[in-house]
Amino acid sequence: RSGLFESTNSGNDWKGLNHPPAISLDWPAVAIDPARPQHVIASSLWYPGHIFETHSGMSSWRVAVDLNDFSLGWRAIAFAPSDPSRVYAGVGGVATFGQFQNHLKGKGIYTSLDGGRSWSPTPGTASAK
């Protein structure tokens, strides 16, 4: 519960990665691009409905997705092993700010076909809105 950190020397030293706009303590889903390790996509319980993305070693983040719904949170993010430009993210219900509720049904899966820059609901899954 102290945010995202990185080590570039096998865990001897650590550097915090909470940089605006991605300032948060709770990160339930983090995915590292297998083709480009400096490319990271993450979700935050402090900003439900948001997915953040960085291409610069986590020193500069951007909001990649904002569902504009604080009752939804990203529970899982994964790059497709066969094609890192394809990324999947699962949406679940958040009943109270910053806490997933397992009794709430999932809200669907979103897919990015451009490495996380843009996202769309995956056909055949529950709609997130």
Legend entry - With H50, the side chain to side chain contact (heavy atoms under 4.5 Å, CB included) member among V65, V63, L67: V63
Inset, instruction - Please assess V87 against W119 for the test side chain to side chain contact (heavy atoms under 4.5 Å, CB included), listing each intermediate value before the final yes or no. - result: CA-CA 9 Å; V87 189; W119 295 81; 3.5 Å; yes
Legend entry - Pair H39-E53, side-chain donor/acceptor within less than 3.5 Å: yes
Inset, instruction - Evaluate the side-chain proximity of H55 to R36: yes if any heavy-atom separation is below 4.5 Å, no if none is. - result: yes
Legend entry - Pairwise side-chain contact, I41 with I51, heavy-atom cut-off 4.5 Å (strictly under): yes
Inset, instruction - Report the residues that fulfil ring pair (Phe, Tyr, Trp, His ring centres under 6.0 Å) with Y88, sequence neighbours left out, ordered by chain and then residue number. - result: none
Legend entry - W74 (side chain) donor-acceptor with A42 (main chain) under 3.5 angstrom: no
Inset, instruction - Working to the nearest 0.5 Å, report the span between OG of S120 and CD1 of I109. - result: 13.5 Å
Inset, instruction - Determine whether the side chains of T54 and S60 contain a donor N or O and an acceptor N or O closer than 3.5 Å. - result: no
Inset, instruction - Can you measure from OH (Y110) to OG (S118) and round to the nearest 0.5 angstrom? - result: 12.5 Å
Legend entry - Counterpart residues, side-chain hydrogen bond (donor to acceptor under 3.5 Å, both in side chains), relative to R86 (two or more places apart): none
Inset, instruction - Output all residues satisfying side-chain hydrogen bond (donor to acceptor under 3.5 Å, both in side chains) with D13, sequence neighbours left out; order by chain, then residue number. - result: N9
Inset, instruction - Begin from the C-alpha positions of V40 and V30 and carry the test side chain to side chain contact (heavy atoms under 4.5 Å, CB included) through to its verdict. - result: CA-CA 7 Å; V40 177; V30 178; 3.9 Å; yes
Inset, instruction - For residues S112 and G115, report the shortest heavy-atom separation together with the two atoms involved. - result: OG-N, 3.6 Å
Legend entry - Euclidean distance, I77 CD1 relative to S43 OG, rounded to 0.5 Å: 4.5 Å
